[in-house]
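Notes for the one structure printed next.
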2 protein chains.
Amino acid sequence: MADRLSRVFAALADPTRRDMVARLAAGDATVNELAGPYQVTLQAVSKHLKVLEDAGLVSRTRDAQRRPVHLEAEVFDLMTKWLERYRREAEERYRRLDDVLRSMPDDVHPAPPPHEGGAPT
Amino acid sequence: MADRLSRVFAALADPTRRDMVARLAAGDATVNELAGPYQVTLQAVSKHLKVLEDAGLVSRTRDAQRRPVHLEAEVFDLMTKWLERYRREAEERYRRLDDVLRSMPDDVHPAPPPHEGGAPT
DNA sequence: GCTGTACTCAACCGATCGGTTGAGGAGACG
DNA sequence: CGTCTCCTCAACCGATCGGTTGAGTACAGC
């Protein structure tokens with residue numbers, strides 16, 4: 001799993017980790033604070049944090065023996081970009097297909113035109 | 001992995017599956033067509049498709065012996081909602097923290113209550 | 001009906017994942 | 001110094017994952 005996007009998606013595929021992200025969105029927290037609500041060992045939480053860190057979703061600094069965890073917002077942009085791209089394509093195509101189906105009750109056609117006008121902004 | 005969002009994120013954590021989604025955004029395709037560019041067996045592709053289907057990202061219909069795969073755009077909304085929520089929170093907080101740091105060169109952490117107690121042992 | 005095409009199901013395999021326990025490392029504090 | 005708190009590293013374990021091969025299902029066409 002080399003690429004960044006895969007690590008990000010994989011990191012967020014776990015509900016516990018998504019929950020941690022949600023908590024961190026409200027402010028930095030120590031490992032102990034994050035571990036609080038979950039019924040797992042501190043080591044497990046530490047591992048989750050490592051996964052999030054490797055994905056670039058959080059960063060850990062040092063404050064005495066505490067390791068405050070900070071949510072990195074930039075990564076969300078990466079996902080949003082990926083998402084928006086295909087979401088728009090798919091929705092646009094969906095609208096177009098719907099249109100095509102209405103004007104073509106039977107038979108087949110060679111190939112759809114590369115583009116059409118009138119797509120909403 | 002019961003919840004929908006986890007399945008969606010997990011499905012997209014694989015570059016091959018993201019690639020398939022990208023391809024499907026341009027139009028429906030059969031399993032064979034999707035398998036084309038990848039150096040894996042048809043069965044592996046079929047499995048990937050099943051993962052995407054279980055996540056609600058695609059649907060499979062029947063056309064003679066072909067099984068055309070269709071991208072379901074709605075699911076992207078689910079992710080976008082989740083993303084946007086925390087992205088906004090995090091960025092807002094980031095801006096706020098930045099401001100706070102400037103007016104607070106040292107000292108004075110809120111130091112949340114050391115609640116705790118119990119758990120294991 | 002037989003054959004070929006398109007695809008799925010089932011069993012298996014090595015690698016990774018999420019969790020555990022156990023053993024520390026780093027720093028505050030008596 | 002010793003000790004306590006906070007946290008990480010290492011080893012292990014069962015479950016799941018991504019891939020394989022082999023067999024089977026569904027349909028078209030001769």
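Since the structure is predicted, the reported quantities are computational estimates derived from the model, not experimental observations. Every chain is numbered from 1, with letters handed out A, B, ... down the list of sequences.
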Quiz item: Does atom CD of Glu74(A) have more than 12 heavy-atom neighbours, drawn from other residues, nucleotides or ligands, at distances under 6.0 Å?
Solution: no
Exercise. Would you check if the side chain of Arg85(A) reaches a backbone N or O of Ala22(B) as a donor-acceptor pair within less than 3.5 Å?
Key: no
Quiz item: Can Asp28(B) and Arg66(B) be counted as an ion pair, charged N to O under 4.0 angstrom?
Solution: no
Quiz item: Does His48(B) place a side-chain N or O at less than 4.0 Å from the phosphate oxygens OP1/OP2 of dG19(D)?
Solution: yes
Exercise. Using atom NZ of Lys50(B) as one end and atom P of dT8(C) as the other, report the distance to the nearest whole Å.
Key: 10 Å
Quiz item: Rounded to the Å, how far apart are Tyr38(A) OH and dG19(C) P?
Solution: 11 Å
Quiz item: What string of B, S and - do you get for nucleotides 2-8 of chain D 5' to 3' if you count protein non-hydrogen atoms under 4.0 Å?
Solution: ---BSBB
Quiz item: How long is the line joining CZ of Arg62(A) and P of dG25(C), in whole Å?
Solution: 14 Å
Quiz item: Heavy atoms under 4.0 Å, any strand shown: does Ala64(A) hit a base, just sugar-phosphate, or nothing?
Solution: sugar-phosphate
For residues 44-59 of chain A, which side-chain N or O atoms pair as donor and acceptor with protein atoms under 3.5 Å away, sequence neighbours left out?
{"from": "His48(A)", "atom 1": "ND1", "to": "Arg17(A)", "atom 2": "NH1", "distance (Å)": "3.1"}
{"from": "Glu53(A)", "atom 1": "OE1", "to": "Arg60(A)", "atom 2": "NE", "distance (Å)": "3.2"}
{"from": "Glu53(A)", "atom 1": "OE1", "to": "Arg60(A)", "atom 2": "NH2", "distance (Å)": "2.7"}
{"from": "Ser59(A)", "atom 1": "OG", "to": "Glu72(A)", "atom 2": "OE2", "distance (Å)": "2.9"}

Exercise. For residues Glu33(A) and Pro37(A), report the shortest heavy-atom separation together with the two atoms involved.
Key: O-CD, 3.8 Å
Quiz item: Rounding to a whole Å, what distance do you find between Asp63(B):CG and dT5(C):P?
Solution: 18 Å
Quiz item: Taking CG from Asp54(B) and P from dT8(C), how many angstroms apart are they, rounded to a whole number?
Solution: 12 Å
Quiz item: OP1, OP2 of dG18(D) versus side-chain N and O of Arg17(B): anything below 4.0 Å?
Solution: yes
Practice problem: Heavy atoms only: give me the nearest Met79(A)-Phe9(A) pair and the separation to one decimal. | Solution: CE-CE2, 3.4 Å
